[in-house]
Amino acid sequence: MLLFKDILSQISKHIFELCHAISWLRPPLNPMSVLGFMEALKDNTVEGNSVGLKLVPWLSWNEWNSVRHSLFSASPASVAFALQRISTWRSRGCIPIAVDVTTAIIEIQQKDPFFRKDLGGNALQSEEMLSMLYCMAIMRLVNGVVEKTRKKAEISIAEAVNAIGIPRMMVDVRHEGSHCDLPSLQLVRVASTKLGKTNWKRHKFTLA
């Protein structure tokens, strides 16, 4: 008669053998399926024709388009889905700053009673705090995208803004928030609505 511990030992052995057999049947895990995937980019540094690779956190452009559509949806549930996916992208790193900042602004809007009338007690009621959050996000956008373009192309801020397609008022908000008083909540709310899908233009901002 087998003892209970002998039965457990045999069961464990069979489970181990089964897992080992399955591991031979399963295809090897591609690291890019965890981290994202490599997007081919033109590298203009070598005669304008060479191709480089850049790691991005989304798994495919289908996922990118799905998240983009959900993020700018009128449905709070769809927006929540997009924010959750982008949170996963952030955990993988290498998320473009324009995508990160746009998401941050959407997150603020989702706590702003001006944009979400259904929040009730969950809304962020402090106007000063809302102004500060919007202003910080816009400053990140200008510093991370406009300044980078301006320095790279050796052009003025006005020229960089026009080239990228960011509204000039973003630069004005950055300037006011950096050197003057905190911009009014009304101003930064309007500024936050000017970004929209512009920041998600695949070849303008996100892979710059």
Side-chain angles (χ1 to χ4, degrees), residues 26-111 133-155 157 159-167 170-171 174 191-208:
R26 184 180 59 200
L29 179 65
N30 183 351
M32 294 302 100
S33 67
V34 177
L35 297 176
F37 78 108
M38 302 297 291
E39 170 68 5
L41 298 173
K42 289 185 178 180
D43 183 357
N44 295 323
T45 60
V46 184
E47 298 181 359
N49 294 321
S50 64
V51 175
L53 294 175
K54 184 171 183 176
L55 183 66
V56 291
W58 43 91
L59 299 178
S60 67
W61 287 120
N62 287 334
E63 182 187 32
W64 159 273
N65 287 320
S66 173
V67 171
R68 179 184 63 176
H69 177 76
S70 297
L71 187 65
F72 298 105
S73 169
S75 166
S78 295
V79 175
F81 162 78
L83 293 177
Q84 185 175 12
R85 290 304 306 154
I86 296 171
S87 177
T88 302
W89 294 357
R90 283 170 169 163
S91 69
R92 293 171 180 160
C94 64
I95 184 170
I97 186 170
V99 174
D100 195 19
V101 172
T102 303
T103 304
I105 289 176
I106 298 294
E107 287 173 326
I108 299 167
Q109 290 177 343
Q110 292 300 298
K111 289 294 184 181
L133 291 173
Y134 281 122
C135 187
M136 288 174 61
I138 292 170
M139 289 172 67
R140 281 192 64 211
L141 175 70
V142 175
N143 292 338
V145 178
V146 178
E147 283 290 341
K148 177 181 177 181
T149 302
R150 183 186 70 81
K151 291 178 180 179
K152 185 176 181 179
E154 298 182 350
I155 56 179
I157 288 182
E159 290 173 318
V161 166
N162 291 333
I164 297 172
I166 292 181
M170 299 296 174
V171 179
R174 193 281 296 260
S192 76
T193 64
K194 299 296 183 182
L195 294 177
K197 296 183 181 180
T198 307
N199 276 358
W200 288 65
K201 286 184 178 178
R202 175 172 160 185
H203 294 297
K204 270 196 173 181
F205 291 168
T206 58
L207 298 180

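Since the structure is predicted, the reported quantities are computational estimates derived from the model, not experimental observations. Position 1 is the first residue of the sequence; numbering continues from there. These values consider heavy atoms only, across backbone and side chains, with no hydrogens, waters or symmetry-generated copies.
Qualifying side chain to side chain donor-acceptor pair (under 3.5 Å) partners for R140, counting only residues two or more places apart in sequence or in other chains: D100. Among residues two or more places apart in sequence or in another chain, the side-chain contact (heavy atoms from CB on, under 4.5 Å) test is passed with A104 by R90, E107.
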Between side-chain atoms of residues 75-87 and protein atoms elsewhere (two or more places apart, or another chain), which donor-acceptor pairs fall under 3.5 Å?
residue: S75; atom: OG; partner: A77; partner atom: N; Å: 3.4
residue: S75; atom: OG; partner: S78; partner atom: N; Å: 3.3
residue: R85; atom: NE; partner: E63; partner atom: OE2; Å: 3.1
residue: R85; atom: NH2; partner: E63; partner atom: OE2; Å: 2.5

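Residue pairs meeting the salt bridge (charged side-chain N to carboxylate O under 4.0 Å, His left out) criterion with at least one member in residues 69-79, sequence neighbours excluded, do not occur. The list of salt bridge (charged side-chain N to carboxylate O under 4.0 Å, His left out) pairs with a residue in residues 69-82, not counting sequence neighbours, is empty.
For the residue pair P167 and K194, the shortest heavy atom distance occurs at CG-CB, 3.6 Å. Contact between M170 and I138 at its shortest, heavy atoms only, is O-CG2, 3.6 Å. When all heavy atoms of I95 and P57 are compared, the pair lying nearest together is CA-CG, 4.0 Å. For the residue pair L55 and C94, the shortest heavy atom distance occurs at O-SG, 3.5 Å.
At a threshold of 4.5 Å between non-hydrogen side-chain atoms, the residues T103 and W89 do not count as touching. Residues Y134 and Q109 have side chains in contact (heavy-atom distance under 4.5 Å, counting atoms from C-beta outward). The closest side-chain heavy-atom distance from F72 to T102 is below 4.5 Å.
In this structure, CD1 on I108 lies 10.0 Å from SG on C135, to the nearest 0.5 angstrom.
W61 and W58 have tilted rings, their planes meeting at an angle from 30° to 60° on a 0 to 90° scale.
More than 12 heavy atoms of other shown residues, nucleotides or ligands fall within 6.0 angstrom of atom CE in M139.
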